[in-house]
Number of protein chains: 2
Amino acid sequence: MELDLDDLEPVSRRSTAAIVADRLRHAIMRGTFPPGAQLGEVEIATRLGVSRGPLREAMQRLVAEGLVRSERHRGLFVRDLDAADVRDVYTARAAVERAAGLLVVAGDRTEAVVVLTAALADMEAAAAAGDAVALADADHRFHQQLVAASGSPRLRRMADTLLVETRMCLAALQDNPPPPAELVAEHRALRDAVRDGDEARLVATLEKHMTDTVARILDVTPSPRSSRPHPPAPPDQPL
Amino acid sequence: MELDLDDLEPVSRRSTAAIVADRLRHAIMRGTFPPGAQLGEVEIATRLGVSRGPLREAMQRLVAEGLVRSERHRGLFVRDLDAADVRDVYTARAAVERAAGLLVVAGDRTEAVVVLTAALADMEAAAAAGDAVALADADHRFHQQLVAASGSPRLRRMADTLLVETRMCLAALQDNPPPPAELVAEHRALRDAVRDGDEARLVATLEKHMTDTVARILDVTPSPRSSRPHPPAPPDQPL
DNA sequence: GCTCGTATGATTGTCAACAATCCGCGGCGT
DNA sequence: ACGCCGCGGATTGTTGACAATCATACGAGC
């Protein structure tokens with residue numbers, strides 16, 4: 001008796017707080033609000049067309065995610081990440097994506113290969129076009145769908161949060177983009193490892209990708225203009 | 001010129017939203033609000049002596065953590081976890097605690113051994129006294145401090161959330177406690193692995209602990225009174 | 001007898017105003 | 001000239017009330 005009504009989403013959309021949180025997350029990710037910037041409640045509320053009530057709820061959600069820092073009677077500020085935070089984000093990402101990758105390899109990986117290949121194609125296209133932001137978008141989607149393919153909602157949520165923080169880091173130095181060739185090559189290696197179902201190679205490639213990326217970020221951080229080869233990891237210099 | 005004023009917390013305490021979020025988290029953890037229960041805003045707000053504004057902010061924080069589920073114009077409900085969620089919590093915990101354990105072993109593990117030994121002693125005392133809730137508390141603290149000793153704030157936050165969910169699972173079947181002897185033994189093995197700095201043994205012990213625990217939980221779930229040995233993992237039976 | 005439409009009660013979503021607190025600036029005293 | 005004190009402006013924290021929405025119960029119609 002059933003038609004194909006399987007995937008009809010009910011009209012009851014999400015709460016406005018969730019929508020506002022998404023909007024703000026996107027804005028922070030894009031760098032619209034630079035790290036350390038104060039988020040005035042009234043301005044943002046009026047700009048989004050909502051009152052301060054829902055806006056504050058959305059802010060609390062972002063605080064729980066660690067994207068904004070709340071100082072009592074001072075205001076809400078976008079968290080600025082120092083070098084230690086960058087390393088921390090990538091160690092956490094390594095832990096989450098490793099677990100997700102193992103689940104993907106252990107399960108049905110055909111669908112995963114499809115979506116990963118699609119994201120990889122977008123990366124290649126963006127790299128060819130020299131579009132840094134599209135490249136970052138595709139990179140983001142690659143890792144997002146890798147974790148999503150694991151079928152673990154908790155790993156997925158953690159990865160989403162961490163990926164937003166990753167974009168925050170990258171937005172701070174988007175004038176100094178990573179070499180697209182290496183990036184694409186590393187992701188292709190990841191896709192290949194998933195395709196072949198090679199656990200060990202997937203894990204090794206993933207961890208190498210993480211350490212490489214954090215090195216790429218931190219090496220160029222201290223002085224964005226000079227590209228000296230390898231200053232041995234400055235202690236804690238802020239971005 | 002400095003006295004020992006290092007750890008003086010400023011008078012400006014945290015926002016009330018954070019406080020009520022902590023309070024609610026504790027209540028959910030203890031099982032005061034059973035899974036699936038509706039959380040009436042006015043009742044809880046009046047009971048806590050705050051208005052609905054801060055309470056809603058705290059609720060959004062808990063929603064972001066995945067502890068409560070919000071249905072638009074219906075209300076807020078404590079998330080009830082089925083068997084798949086239990087497995088998911090423990091796979092995520094395994095990923096996080098594995099990474100944290102590796103960081104601990106790679107770094108200065110003397111302090112970690114101290115706090116882990118203290119938590120282990122509490123577990124032994126609770127086990128000897130037959131106090132199930134104290135045992136669960138000590139267990140909680142053991143894993144919490146293991147991750148905290150890694151020095152990674154993001155792993156710490158993830159672990160805290162996951163540990164609360166773990167307690168939610170356990171609260172649902174606290175009338176069917178796990179055998180204390182095995183629990184203590186496994187944690188002692190974990191502490192020993194950390195003490196000896198044996199990466200491989202630590203990881204192996206950790207993953208065994210996780211799979212053992214999830215098996216303990218799911219085996220007794222279908223019919224809490226009958227303790228048949230090993231029904232091979234019921235597909236998705238709710239708690 | 002069953003189903004559909006309607007009234008009702010309660011709960012959530014939203015808003016605008018009030019109170020408390022903090023930062024920056026000018027004036028005063030030393 | 002330097003430091004302390006108080007004030008003004010602005011922002012956040014909180015509150016209570018209003019509007020929108022949904023679940024339930026009851027009665028009419030087929």
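All values reported here derive from a predicted model rather than from experimental measurement.
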(request) Indicate, with a heavy-atom threshold strictly under 4.0 Å, whether A/Leu39 touches base, sugar-phosphate, or nothing. (result) sugar-phosphate
(request) Assign the ring pair A/His143 / A/His209 to parallel, tilted or perpendicular, where the plane angle (0 to 90°) is split at 30° and 60°. (result) parallel
(request) Taking atom CD of B/Gln38 as the centre, report whether more than 12 heavy atoms of other residues, nucleotides or ligands fall under 6.0 Å from it. (result) yes
Just how far, in rounded Å, is [atom2] of [N] from [atom1] of [X]?
X	N	atom1	atom2	answer
B/Arg69	C/dT12	CZ	P	14 Å
B/Gln38	D/dC22	CD	C1'	11 Å
A/Gln60	D/dT14	CD	P	10 Å

(request) Decide, yes or no, whether a salt bridge links B/Asp160 with B/Arg156 under the criterion of side-chain N to carboxylate O below 4.0 Å. (result) yes
(message) Under 4.0 Å between a side-chain nitrogen and a carboxylate oxygen: does that hold for A/Asp139 and A/Arg167?
(response) no
(message) What's the separation between atom OG in A/Ser15 and atom CZ in A/Arg61, rounded to the nearest 0.5 Å?
(response) 5.5 Å
(message) Measuring from atom CG of B/Leu155 to atom CZ of B/Arg98, what distance do you get when rounded to the nearest 0.5 angstrom?
(response) 11.5 Å
Give me the distances for all protein-to-nucleotides 13-15 of chain C N/O pairs that come in under 3.5 Å?
{"from": "C/dG13", "atom 1": "OP2", "to": "B/Arg56", "atom 2": "NH1", "distance (Å)": "2.6"}
{"from": "C/dG13", "atom 1": "OP2", "to": "B/Arg56", "atom 2": "NH2", "distance (Å)": "3.2"}
{"from": "C/dG13", "atom 1": "N7", "to": "B/Arg52", "atom 2": "NH2", "distance (Å)": "2.9"}
{"from": "C/dG13", "atom 1": "O6", "to": "B/Arg52", "atom 2": "NH1", "distance (Å)": "3.4"}
{"from": "C/dT14", "atom 1": "OP1", "to": "A/Thr16", "atom 2": "OG1", "distance (Å)": "2.7"}
{"from": "C/dT14", "atom 1": "OP2", "to": "A/Thr16", "atom 2": "OG1", "distance (Å)": "2.6"}
{"from": "C/dC15", "atom 1": "OP2", "to": "A/Ser51", "atom 2": "N", "distance (Å)": "2.8"}

